[in-house]
There are 2 protein chains.
Amino acid sequence: MNAIAYLDQHFPHFEQGLKEQIAAHCTVRQISAGERLIQTGQYFRSTMLVTEGRLKLYREGEEGDEFFMYYLLPGDACALSMVCASRPHPASEIMAKAIEDSVVLMIPLQLMESLMQEFKSWYSFVVETYRSRFEELLQIVDQVLFKALDERLVIYLEHQQKALGSPQLQLTHQEIANDLNSSREVISRLLKKLEQQKKLVLHRNYIEILPG
Amino acid sequence: MNAIAYLDQHFPHFEQGLKEQIAAHCTVRQISAGERLIQTGQYFRSTMLVTEGRLKLYREGEEGDEFFMYYLLPGDACALSMVCASRPHPASEIMAKAIEDSVVLMIPLQLMESLMQEFKSWYSFVVETYRSRFEELLQIVDQVLFKALDERLVIYLEHQQKALGSPQLQLTHQEIANDLNSSREVISRLLKKLEQQKKLVLHRNYIEILPG
DNA sequence: CGCCCTGTGTGATCTGGGTCACTGTACTTC
DNA sequence: GAAGTACAGTGACCCAGATCACACAGGGCG
C-alpha cells in the first residue's frame, strides 16, 4: 500500500493537494509489534502520522521508569513529534512502542511550515492535535495529582477499553503496574476489589470489563 | 501606554505589520494584583499576550484544589489560550491569577489564523510557545510522578527564584503547600531540613535562598 | 499594655501504597 | 507427566506524607 492510499483511508479530510505533497515527501515506515519508535534522548527529524496499528506513548523518568500516557491510533499524529521537533532540542524524554505491527508516515520537518501556510486542513489538523494532546496531558496531571490509585486504575481501564475497542483487555497485572508507575501486588489487590464490586472479572492473562 | 508601545517593548522580534495588526484588533486589559483572569469552566475568546506584571497559572482539581504550574511573565503568551481556544470546548480547568498589577493584550481568536499565515514571526512564536509549554507540562508530569516532595520543593523554590528574580521569596509556608498540593506542616518540616542543610534561611513571611 | 491574628514549630497518629517473602495455579516443553 | 516458567493471590512490614492538636512568636492596633 502506498502513501496516498493510506492517506485516503485515514486522513480523508485532507485536501487532495495536501495528500499529494505529503506522499511526495514522506517515507513510509513499518514498525513491528514490540519495536520502539522514539528513543529517549533522540532528536526528531520528522512528524509522524499513524496509519496502521497501535502505538503506546510513554513518558520516561530518569531512572528508567516508564509511564503510559496515551495511545496513538490510525488517523492520529504524534503531537510531540510536531512540537519538540520544531527546533533542535537535547532530549525527547518520551518513548513510543508499537503494540501491533504498525505503519507510520514520516513527514520531514522542513515541510511543516509550508504545509501550514498552504493547506487549511493541515493547519486545523495540527492545531487540533496540539489542543487535544495538551488537554490529555492536563488530564494526566490532575489524575496523578488529585486522584488515588484506585480511581486512576478505573480511568486507565476505561481508556484501554476505548483504545483497544474491546471489553476483554489482554493485560497482565504487571503491565498495568508499569503503565501506572505502581507495583504488581497493589494493582492485583485493587483489581480484586473491583472484581468484588462486580465491575470486572479477572481471568488469566486478560481482564473482562463488565458493562455498566 | 498603548498597544504598539507594549508590543515594541516586549515583543520586539515581531514584524512591524504584525504589531500593527495586533494593535488594531486587540484590547488592552489591566488586571490588578490578586484578580483572577481565567476562571475554570469558562470559554476562551482570545489569545493573551502578557506585557506587564506577573501571573500565576494554576491547574484546578475537581474539589477546588489548586496546583501551580508556571508563571506568565511579560513577553509570554498563554499557550492554553491558544490551544483550548481553537474550538469551543466545555471547560478550561485552568486558572490564572495576577500576583502583581498586570497588563495583557487580548487578541481575538478569529485573527489567529490569518496572522499565522501572514507573519512568519507570529507562526514561530506560536509554535515555540506551544513547544515550551508542552515541555513544561511534561516536566511537571514526571516531577509529580517520579519525584518525592522534598525534591519537588527544591525545584519549586528554584523556579520561584528565577521567576521572581530575587533570592528573597515572599511566600508563606501555606502558599507553598497550596502550590504543591501538599500541607503546611509538611512543607514547614521540609523547609527546616533545607535550612539545616544551609540551602536557605527561614524568616517570618519570607525565605532567603542561599547561593550555591 | 493586653488582645488578636497570622505565620510557624513540633509531636502523635493514621493510612495509602510500596516492598518482601511466600504460595498457588495455569500453561508450555520435553 | 515432570519440570520449568509466566502469572496471580496474600500476609507482614515499612515509610512518606496527611491530618490533628497543640504551643508559641511577632506585629498591629485599640
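Order of the sequence lines fixes the chain letters, A, B, ..., with proteins taken first and strands second; residue numbering starts at 1 for each chain.
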Length of the [atom1]-[atom2] vector between [X] and [N], whole Å:
X	N	atom1	atom2	answer
B:Ile187	C:dG7	CD1	P	16 Å
A:Gln196	D:dT10	CD	P	9 Å
B:Arg184	C:dG7	CZ	C1'	8 Å
B:Leu190	D:dA16	CG	C1'	10 Å
A:Leu169	D:dA8	CG	P	12 Å
B:Tyr206	D:dG27	OH	P	11 Å
A:Leu191	D:dC7	CG	P	15 Å
A:Asn178	C:dG17	CG	P	17 Å

Is a donor-acceptor pair below 3.5 Å formed from side chain B:Glu185 to base D:dC20, judging by atom type as modelled? yes
Any N or O donor-acceptor pair linking the side chain of B:Arg189 to the base of C:dG11 at under 3.5 Å? yes
Do A:Tyr71 and A:Gln160 meet the criterion of a side-chain donor-acceptor pair at a distance under 3.5 Å?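 Side chains of A:Tyr71 and A:Gln160: pair found under 3.5 Å.
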Any donor-acceptor N or O pair under 3.5 Å, side chains A:His173, A:Ser188: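 Note: A:His173 and A:Ser188 side chains meet the donor-acceptor criterion.
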Give one of base, sugar-phosphate or nothing for A:Thr172, where a contact means two heavy atoms less than 4.0 Å apart. sugar-phosphate
From A:Tyr123 OH over to B:Tyr123 OH, what is the distance, rounded to the nearest 0.5 angstrom?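 Reported to 0.5 Å precision, the distance equals 10.5 Å.
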Under 4.0 Å: is that the gap between some side-chain N or O of B:Ser182 and OP1 or OP2 of D:dA18? yes
Taking 4.0 Å as the cut-off, does a side-chain nitrogen or oxygen of A:His173 come that near to OP1 or OP2 on D:dC7? no
Ring centroid separation A:Phe11 to A:Phe125 under 6.0 Å: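 Ring-ring flag for A:Phe11/A:Phe125: true, centres closer than 6.0 Å.
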Side chain of [X], heavy atoms from C-beta onward: which of [options] has the nearest atom to it?
X	options	answer
B:Lys192	C:dG17, C:dG9, D:dG17	C:dG9
A:Asn205	D:dT10, C:dG9, D:dC7	D:dC7
A:Arg204	D:dA18, C:dC27, C:dA21	C:dC27

Is a side-chain donor or acceptor of A:Gln161 paired with a backbone partner of A:Ser166 at a separation under 3.5 angstrom?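 The answer is no, because no donor-acceptor pair under 3.5 Å joins these two groups.
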Position toward the 5' end of DNA chain C (nearest nucleotide), A:Val186 or B:His203: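 Upstream on the strand: B:His203.
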